[in-house]
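Heads up, the thing below is written out as structure tokens.
Just so we're on the same page: letters track the sequence lines, and every chain starts at 1.
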Amino acid sequence: MKEDIQRVVSQSIENISKTLDIADLAVVVEVGIPKRKDFGDFSVNTAMVIANKIGKKPREVAELIIENLPVEKEQLFKKVEIAGAGFINFHVKEEAIVNKLREIEENGERFGTSDLGKGERVLVEFVSANPTGFLHIGHARNAVVGDAVSRILDASGYDVVKEFYINDSGRQMNLLGESVLIRYKELFEQNQDLPEDGYKGEYVKDIASQIKAEKGDSLLEDSSEQASEYCKEFAEAVLLDEIKKDLADINIFFDEWYSEKENIRGAVGESDGSKLDQIKDLLNSKGVLEQREGALWFKATEFGDAQDWVLIKSDGSPTYFLADIAYHYDKFKRGFKSIINVWGADHHGHVSRLKAALRSLGLDDSRFSVVLIQFVRLMRQGKEVAMSKRAGTYVTMRDVVDEVGSDVTRFFLLMRSSESHLDFDLDLAKKESSENPVYYIQYAHARIRSIFRKAGETGIVESKEHLELLKAPEEIELVKKLLLFPEVVEDSAQARAPHKLAYYLQEVASEFHVYYNKCRVVDDDRQMSGARLYLISCVQTVLSNGLKLLGISAPERM
RNA sequence: GCGCCCGUAGCUCAGCUGGAUAGAGCAACGGACUUCUAAUCCGUAGGCCGGGGGUUCGAAUCCCUCCGGGCGCACCA
């Protein structure tokens with residue numbers, strides 16, 4: 001519908017530019033939706049935008065535009081008028097709107113998809129939690145946003161790869177191995193204190209018990225280095241498995257599990273650090289490194305960052321940052337046109353230094369972007385649920401999903417802009433009532449299915465033969481809302497903002513519920529019923545396509 | 001001190017690539033079930049869009065500044 005307005009206005013402007021012999025009139029006609037109903041269905045501010053170029057007052061330009069509209073306007077509009085400072089308001093014929101339903105039906109499951117991305121390869125890296133413990137609610141937000149963004153990009157014609165970066169080497173993993181080994185030794189009465197920053201969670205003891213069950217006391221004979229290494233790998237395997245399980249429970253499946261140990265630090269058998277050496281040499285060849293105070297620094301300040309950063313510590317070991325550069329260099333080398341990272345907001349300081357590094361390597365850092373996820377506070381009875389990962393006392397993502405279910409978890413984490421802090425109200429999430437926005441949308445879908453079951457009993461079938469019968473204001477509003485869906489998906493894709501879609505679906509559900517209460521679908525008038533069934537079938541398509549993009553189920557009944 | 005995010009109705013938040021009289025949900029109050037699902041709908045009430053300045057035909061939206069909250073600023077990851 002918007003495209004129609006855009007087309008006829010553009011044509012009109014073309015006509016004007018010919019008649020008045022003004023060359024440079026080309027503008028992008030932006031079609032808006034007025035807030036007030038008496039301002040019509042669509043409006044355009046183009047007259048105000050080009051008034052200067054023509055040298056007339058905006059309202060006069062608006063008049064010109066209206067006069068020069070192509071004849072097609074007869075079929076489209078009831079009324080076109082000038083308002084305010086120079087807005088042009090279009091009142092569209094009901095039939096023209098309602099006929100657009102056919103596009104929804106014809107496209108079906110594909111309605112809302114586009115070729116915006118033109119098959120461009122995109123890498124979305126998200127979660128990437130260290131396999132040193134269970135996922136918490138912050139990871140869950142990251143996971144759900146990353147997944148929804150991926151789904152939306154996929155629907156928008158991008159070739160998306162979802163990747164989890166396994167941070168499986170370095171200090172944290174060693175610490176985990178040591179912690180498990182200490183718990184293991186405890187099982188044989190060899191008590192020893194956990195290190196200050198060791199892992200204190202109960203699951204560490206569980207893993208130790210599993211090792212005991214498998215290996216008996218044989219680890220006690222190994223050198224502590226060997227034993228710790230074994231514990232580390234055992235724990236990693238167990239925890240990674242748990243992470244995969246947790247993610248699968250909320251409908252998240254990755255295409256790639258990219259191991260730092262194997263891909264960055266060097267494959268098994270390869271000399272450790274090879275990739276790191278390569279990237280270091282590459283950076284060196286660009287002249288952006290500097291030996292200082294016994295360490296090797298990347299001169300990030302030369303690339304706009306606030307400070308320089310150490311790549312090789314004075315003890316000769318590489319920093320995480322060096323590995324990160326290598327990893328992202330590798331993402332570019334793998335041929336991705338755009339590279340999206342979903343990071344916790346506490347990592348925002350790393351964006352500029354990584355961009356600096358990419359630029360220093362001659363890469364186009366505008367192809368790299370980061371979606372920052374602000375913190376989640378779990379609320380219960382109006383109070384924040386206290387958590388301490390250090391002490392091992394925290395509510396895991398699994399706890400939350402077990403309590404409120406996957407659909408609710410996903411929706412709650414998606415309904416807010418990811419750059420806003422989020423209060424996750426467990427009490428509200430648990431309520432199966434009107435207060436809970438997830439059910440509001442799902443209920444609309446279930447209601448539609450229910451109507452179709454009813455229609456099946458009476459033998460009335462949907463039909464597009466008499467769409468002209470659909471002219472109740474609630475019907476027109478509903479159809480107009482449905483037609484916005486492709487645009488909303490595109491918006492969400494471009495802004496990497498699934499919450500826009502979540503909001504939209506609430507609006508669709510609302511328009512539907514209003515309609516339901518106002519107009520009876522299955523009734524004696526078979527033609528009317530057929531047309532209305534056709535309409536709500538389109539509503540169903542939009543709701544189910546939209547929910548799918550959010551990874552939320554569309555139930556048959558509730 | 002420097003950087004990023006946030007500040008909109010009692011609460012939680014949309015709107016922010018500038019448009020007309022600023023929205024939703026919840027909470028409050030009053031109504032609608034013999035009907036295709038009341039997990040719904042209708043109505044009432046609720047606002048110096050944190051403060052101040054600027055940019056322009058027009059600012060919640062852009063710029064500056066101040067205030068308040070969160071998070072970063074390692075030879076940790």
Side-chain angles (χ1 to χ4, degrees), chain A residues 30 32 34-36 39 43 45 48-49 51-52 57-58 83-87 89 130 132 167 169-173 175 197 260 292-297 305-307 309-321 323-324 344-353 372-375 377 379 382 415-425 428 431-444 446-455 457-458 460 494-495 499-500 502-504 506-507 509-510 512-523 529 532-533 536 557-558:
Chain A
E30 283 185 34
K35 284 173 196 156
R36 284 174 52 182
F39 286 161
S43 77
N45 65 350
M48 291 181 276
V49 178
N52 274 334
K57 289 179 183 166
F87 290 98
N89 293 335
N130 289 358
T132 55
N167 229 287
S169 47
R171 210 180 95 85
Q172 293 306 318
M173 290 309 294
L175 211 50
D197 42 7
E260 174 185 0
R292 199 200 306 160
E293 300 152 32
L296 185 65
W297 296 71
D305 202 16
Q307 58 184 291
W309 300 91
V310 169
L311 297 182
I312 307 281
K313 297 180 242 175
S314 50
D315 69 359
S317 63
T319 60
Y320 161 86
F321 182 39
D324 224 24
D346 53 336
H347 285 71
H348 79 260
H350 299 190
V351 177
S352 57
R353 71 176 195 184
L372 287 174
I373 307 286
Q374 292 292 342
F375 285 7
R377 291 196 307 166
M379 307 293 284
M415 71 180 170
R416 303 289 182 231
S417 156
S418 55
E419 60 197 20
S420 288
H421 294 249
L422 173 71
D423 283 354
F424 193 113
D425 185 337
L428 175 61
K431 275 190 196 166
E432 293 193 5
S433 77
S434 55
E435 296 155 57
N436 195 327
V438 195
Y439 297 117
Y440 186 77
I441 300 169
Q442 292 184 315
Y443 184 57
R447 247 183 171 174
I448 292 168
R449 296 311 305 147
S450 169
I451 298 173
F452 272 101
R453 283 191 292 274
K454 175 77 180 182
E457 292 165 17
T458 55
I460 295 175
Q494 270 163 338
H499 77 278
K500 288 172 184 282
Y503 264 87
Y504 168 77
Q506 290 184 80
E507 287 166 14
S510 171
F512 169 74
H513 287 308
V514 168
Y515 175 57
Y516 176 91
N517 276 278
K518 184 82 182 182
C519 304
R520 197 177 163 83
V521 176
V522 178
D523 213 340
S529 296
R532 287 184 166 170
L533 283 170
I536 67 165
R557 39 167 58 91
M558 288 172 73

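Within the 4.0 angstrom heavy-atom criterion, only backbone atoms of the sugar-phosphate kind lie near His513(A); the bases stay farther away. Nucleic acid contact class of Ser314(A) (heavy atoms, under 4.0 Å, all strands): base. Lys518(A) comes within 4.0 angstrom of no nucleic acid atom, judged by non-hydrogen atoms across all strands. Asn45(A) comes within 4.0 angstrom of a base, heavy atoms only. Counting any heavy atom pair closer than 4.0 Å across all strands shown, Arg520(A) reaches a base atom. Residue Asp305(A) is out of contact with every strand shown, counting any heavy-atom pair closer than 4.0 Å. In this structure, Ser43(A) reaches the bases: a heavy-atom distance under 4.0 Å links it to at least one base atom across the strands shown. Within 4.0 Å (heavy atoms only), Asp523(A) reaches no atom of the nucleic acid at all. Across all strands shown, His350(A) has heavy atoms under 4.0 Å from base atoms, whether or not it also approaches the sugar-phosphate. Within 4.0 Å of Gln307(A), counting heavy atoms only, lie sugar-phosphate atoms of the nucleic acid but no base atom. Across all strands shown, Ala455(A) has no heavy atoms under 4.0 Å from either base or sugar-phosphate atoms. At the heavy-atom level, Ala306(A) lies nowhere under 4.0 Å from the strands shown. At a threshold of 4.0 angstrom between heavy atoms, the contacts of Met415(A) with the nucleic acid are absent.
For C4(B), neither phosphate oxygen OP1 nor OP2 lies less than 4.0 angstrom from any side-chain nitrogen or oxygen of His347(A). OP1 and OP2 of A32(B) both lie 4.0 Å or more from every side-chain N or O belonging to Tyr516(A). Side-chain nitrogen and oxygen atoms of Thr319(A) include none within less than 4.0 Å of the OP1 or OP2 phosphate oxygen of A77(B). Contact annotation: Lys313(A) reaches the phosphate of A77(B) (side-chain N/O to OP1 or OP2, under 4.0 Å). Here Lys454(A) does not reach the OP1 or OP2 of U35(B): none of its side-chain N or O atoms lies under 4.0 Å away. Considering only side-chain N and O atoms, Arg449(A) lies nowhere under 4.0 angstrom from the phosphate OP1 or OP2 of C36(B).
Spacing between atom CH2 of Trp309(A) and atom P of G72(B) amounts to 13 Å, rounded to whole angstrom units.
Residue Gln506(A) is the one, among Gln506(A) and Val521(A), whose nearest nucleotide of RNA chain B lies closer to the 5' end (criterion: closest heavy atom). Residue Arg377(A) is the one, among Ala345(A) and Arg377(A), whose nearest nucleotide of RNA chain B lies closer to the 5' end (criterion: closest heavy atom).
The pairing partner recorded for G19(B) is C57(B), the criterion being a Watson-Crick or G-U wobble arrangement whose two distances lie under 3.5 angstrom.
Ring-base stacking between Phe375(A) and G70(B) is not satisfied when judged by a centre separation under 5.5 Å and a plane angle under 30°.
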